[in-house]
Participant: 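Can you keep this structure in mind? I'll have questions shortly.
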Amino acid sequence: MNFNNVKVPKLPGGGAASALVKFGVIAGLGIYGAANSLYNVEGGHRAVVFNRLVGIKEEVYPEGTHFILPWFERPIIYDVRTRPHLVESTSGSRDLQMVKIGLRVLTRPVPDQLPTIYRTLGENYNERILPSIIHETLKSVVAQYNASQLITQREAVSREIRRVLTERAINFNIALDDVSITSLTFGREFTAAIEAKQVAAQEAERAKFVVEKAEQDKQSAIIRAQGEAKSAQLIGQAIANNPAFITLRKIEAAREIAQTISHSANKVYLSSEDLLLNLQGMNLDVKK
């Protein structure tokens with residue numbers, strides 16, 4: 001069958017449909033370009049741009065809205081705010097004690113080096129770099145101290161870890177804002193030894209206190225005996241020099257008895273002899 005002589009009828013309005021299709025294609029491309037030519041960089045973030053022709057551009061884009069070529073370019077956005085990372089590592093001390101250390105590290109990427117970070121480490125740079133350098137730093141620093149020094153010199157150990165870790169991280173364009181030790185856990189044997197040492201120290205302090213108390217009691221008894229002896233000596237001398245001293249003591253004793261009885265609710269009648277107030281029979285003459 002020969003199709004060369006077949007006549008195709010012309011459709012009415014064919015030129016308008018073609019123009020409509022062209023307009024739709026152009027409008028679609030325009031909408032796509034407009035929607036993909038702008039991107040936003042939020043606060044605390046920075047962006048680098050990957051170009052299909054030249055690769056990663058060296059410029060770092062700050063916060064705000066920026067223009068890119070659709071399809072040819074795409075933005076890679078980094079969070080440059082400080083973020084905490086908690087790491088635990090088990091290391092051996094200088095006296096061969098196993099120590100489990102918890103470390104909190106505050107890190108952030110160096111903004112000016114984001115193109116280099118993307119080329120060498122990618123977007124998940126923290127997971128690739130921080131665990132390895134933190135574990136290695138902890139093991140090297142802890143090995144320089146005894147287990148007891150890790151407790152008594154905790155601040156110095158933290159400073160040394162920060163110094164070494166900062167030097168290692170800056171080689172990967174990562175800045176460290178703070179490093180702190182959050183926990184220190186020792187083995188059961190070392191913990192039991194510390195507890196036994198504390199108990200022994202408390203017992204020694206208690207024994208020392210008992211000895212000091214006995215010494216103080218001894219000194220008090222000596223001083224009290226010396227005072228009583230001196231008092232007896234003075235009383236004896238007073239009686240020998242003046243017999244009226246005994247009479248004075250009787251009067252004082254009678255006054256105390258009378259004062260005690262006066263405060264009693266019961267009525268008591270005593271003779272003057274019971275009150276030691278038989279003054280008529282007393283010899284008040286002083287021998288010269």
Side-chain angles (χ1 to χ4, degrees), residues 42-46 48 60 63 76-206 208:
E42 303 294 337
H45 294 72
R46 297 292 185 274
V48 295
V60 178
E63 303 165 1
I76 300 99
I77 298 177
Y78 280 90
D79 187 351
V80 296
R81 295 172 295 186
T82 299
R83 290 185 293 176
H85 299 274
L86 300 177
V87 179
E88 288 188 349
S89 176
T90 302
S91 306
S93 62
R94 189 170 62 181
D95 54 353
L96 304 180
Q97 296 292 335
M98 298 307 296
V99 185
K100 185 178 181 181
I101 297 183
L103 199 68
R104 183 179 68 94
V105 183
L106 299 180
T107 65
R108 56 181 175 83
V110 179
D112 296 339
Q113 300 299 322
L114 287 178
T116 303
I117 292 176
Y118 184 77
R119 289 193 190 99
T120 58
L121 302 175
E123 296 183 59
N124 57 342
Y125 62 93
N126 279 334
E127 289 74 13
R128 294 188 177 187
I129 297 302
L130 289 180
S132 60
I133 64 175
I134 290 177
H135 285 293
E136 183 179 353
T137 300
L138 285 176
K139 291 181 184 299
S140 63
V141 173
V142 171
Q144 302 175 15
Y145 296 87
N146 293 332
S148 59
Q149 291 176 332
L150 293 175
I151 300 175
T152 59
Q153 302 178 21
R154 182 166 179 165
E155 186 64 27
V157 175
S158 180
R159 287 197 302 267
E160 181 66 15
I161 292 175
R162 178 174 182 175
R163 183 187 66 81
V164 177
L165 196 56
T166 301
E167 294 176 356
R168 294 294 308 278
I170 201 62
N171 295 329
F172 301 96
N173 301 306
I174 299 175
L176 267 69
D177 292 335
D178 184 59
V179 176
S180 60
I181 298 175
T182 58
S183 62
L184 274 175
T185 306
F186 298 92
R188 289 179 297 178
E189 295 80 5
F190 184 76
T191 303
I194 292 179
E195 293 177 354
K197 183 178 179 181
Q198 291 295 327
V199 171
Q202 293 175 0
E203 293 293 337
E205 289 295 328
R206 187 178 295 108
K208 181 180 178 181

Participant: Assess the residue pair Glu160 and Arg163 against the criterion (salt bridge (Lys or Arg N to Asp or Glu O under 4.0 Å)); give the C-alpha distance rounded to whole Å, side-chain angles, the decisive distance to 0.1 Å, and a yes or no.
Facilitator: CA-CA 5 Å; Glu160 181 66 15; Arg163 183 187 66 81; 2.7 Å; yes
Participant: Glu123: what forms a salt bridge (charged side-chain N to carboxylate O under 4.0 Å, His left out) with it, not counting sequence neighbours?
Facilitator: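 Per chain and number, Glu123 pairs via salt bridge (charged side-chain N to carboxylate O under 4.0 Å, His left out) with no residue.
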Participant: Rounded to the nearest 0.5 Å, how far apart are CD1 of Ile181 and CD1 of Ile161?
Facilitator: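 Answer for the CD1-CD1 pair, Ile181 versus Ile161, is 4.5 Å.
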Participant: For Asn126, what residues pass the side chain to side chain contact (heavy atoms under 4.5 Å, CB included) criterion, not counting sequence neighbours?
Facilitator: Arg83, His85, Thr107, Leu130
Participant: Distance from Glu88 atom CD to Ser183 atom OG, nearest 0.5 Å?
Facilitator: 5.0 Å
Participant: I need the minimum non-hydrogen distance between Gln144 and Arg94, along with the two atoms involved.
Facilitator: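 For Gln144 and Arg94, the tightest heavy-atom pair comes out as O-NH1, 3.6 Å.
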Participant: To check you understand the geometry: which heavy-atom pair defines the closest contact between Ser93 and Leu150, and what is its length?
Facilitator: CB-CD1, 4.5 Å
Participant: Measuring from Ile101:CD1 to His135:NE2, what's the distance to the nearest 0.5 Å?
Facilitator: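 It is 11.5 Å, given to the nearest 0.5 Å.
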Participant: Rounded to the nearest 0.5 Å, how far apart are CG of Asn146 and CG of Leu96?
Facilitator: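 The CG atom of Asn146 sits 9.5 Å away from the CG atom of Leu96.
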Participant: Which heavy-atom pair separates Lys139 from Ser89 by the least distance, and what is that distance?
Facilitator: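 That would be NZ-OG, 4.2 Å.
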Participant: Just distance, no hydrogens or angles: give the donor-acceptor pairs under 3.5 Å from side chains in residues 108-118, sequence neighbours left out.
Facilitator:
unit_1 : atom_1 : unit_2 : atom_2 : d
Arg108 : NE     : Asp177 : OD1    : 3.3
Arg108 : NE     : Asp177 : OD2    : 3.2
Tyr118 : OH     : Arg74  : NH2    : 3.3

Participant: Suppose we screen for side-chain hydrogen bond (donor to acceptor under 3.5 Å, both in side chains). Which residues come up paired with Tyr145, at least two apart in sequence or across chains?
Facilitator: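 Here no residue qualifies.
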Participant: Taking Arg162's backbone N and O only, do any of them form a donor-acceptor pair with Thr166's side chain (distance below 3.5 Å, no angle check)?
Facilitator: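 Yes, because the side chain of Thr166 sits within donor-acceptor range (under 3.5 Å) of the backbone of Arg162.
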Participant: For atom NZ of Lys100, is the number of surrounding heavy atoms from other residues, nucleotides or ligands below 6.0 Å larger than 12?
Facilitator: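 Counting other residues, nucleotides and ligands, NZ of Lys100 stays at 12 neighbours or fewer.
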Participant: Sorted by first residue and then second, give each ring pair (Phe, Tyr, Trp, His ring centres under 6.0 Å) pair with at least one member in residues 163-188; sequence neighbours left out.
Facilitator: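 Every ring pair (Phe, Tyr, Trp, His ring centres under 6.0 Å) pair that includes a residue of residues 163-188, provided the two are not neighbours, is Phe186-Phe190.
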Participant: Does Val105 reach the side chain of Val87, with side-chain heavy atoms less than 4.5 Å apart?
Facilitator: no
Participant: With sequence neighbours left out, what residues match Arg104 under side chain to side chain contact (heavy atoms under 4.5 Å, CB included)?
Facilitator: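 By the side chain to side chain contact (heavy atoms under 4.5 Å, CB included) rule, Arg104 matches Leu86, Leu106, Asp178, Ser180, Thr182.
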Participant: Quick one: does Arg128's side chain have a donor or acceptor within less than 3.5 Å of a partner on Leu121's backbone?
Facilitator: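 Looks like yes, one N/O pair under 3.5 Å.
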